Structures are given as structure tokens and as C-alpha cells.
Amino acid sequence: MPLFHFALCRNGRTIGPTETRDCPDCGMAFRAAREMIRVLREADALPEGDREHTLRVSYVDHSTLFDLPLNLRI
């Protein structure tokens, strides 16, 4: 299975640790990212100014797959 990196970013810069997960494809990486955002939201652990924050998902070579805004209600 491919490895994907998940990182919390502010204004395009990584903040905090990066989590690495095995996901069978890009669609499952998207679902994992959406779930991570949901968990942060439910734990009320979203950083202040969440409009500037994204969850960046990248391939193992660190090329970006996508950035999901934390304020996106999906």
C-alpha cells in the first residue's frame, strides 16, 4: 500500500508533527484526512484562525496531493 503524509499547515507551512499512514489509494487518503479533521473538530482541538489552516496530504516523496481547509464542512 502507498504511504501518505498528513500534516497540519498554517499559511502553507507545516506546524507540528507529520503523521504517515498506509492508504490503498488517493480516495482513501482523502477519507482519512476528512476523518482527521472531524476528530479535531469534535475534540475542539482546531487551532485559532482555522481559515489559515489546512491539512496537507502528500505522497512519500513529499509532493502535495491536496490541502483541505480545516473550516471546510465536508
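Being a predicted model, the structure only gives us computed values, none of them experimental.
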Partner set under side chain to side chain donor-acceptor pair (under 3.5 Å) for T20, not counting sequence neighbours: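 Result, side chain to side chain donor-acceptor pair (under 3.5 Å) vs T20: H5.
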Roughly how far, to the nearest 0.5 Å, is the [atom2] atom of [Y] from the [atom1] atom of [X]?
X: L40; Y: H53; atom1: CG; atom2: NE2; result: 10.5 Å
X: L55; Y: F6; atom1: CG; atom2: CZ; result: 7.0 Å
X: R56; Y: R10; atom1: CZ; atom2: CZ; result: 14.0 Å
X: T54; Y: L8; atom1: OG1; atom2: CG; result: 7.0 Å

CA sep, side-chain torsions, deciding dist, call: M1, M28, side chain to side chain contact (heavy atoms under 4.5 Å, CB included): CA-CA 11 Å; M1 261 196 276; M28 291 305 290; over 6 Å; no
Specify the closest pair of heavy atoms between [X] and [Y], including all atoms of both residues, with the distance to one decimal.
X: P69; Y: I37; answer: O-CD1, 4.1 Å
X: P2; Y: P24; answer: CD-O, 3.8 Å
X: A33; Y: F66; answer: CB-CE1, 4.1 Å

Note, C9 side chain near T14 side chain (heavy atom, < 4.5 Å):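 Sidechains of T14 and C9: in contact.
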Within one Ile-Leu-Val-Met-Phe-Trp-Tyr cluster: F30 and L3, side-chain cutoff 4.5 Å: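 Different clusters: F30 never reaches L3 through Ile, Leu, Val, Met, Phe, Trp or Tyr contacts under 4.5 Å.
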Neighbour count >12 (heavy atoms, 6.0 Å) for atom CZ, R31: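 No.
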D22, V60, V57 screened by side chain to side chain contact (heavy atoms under 4.5 Å, CB included) with F4, the one that passes: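 Of all the options given, the one that passes is V57.
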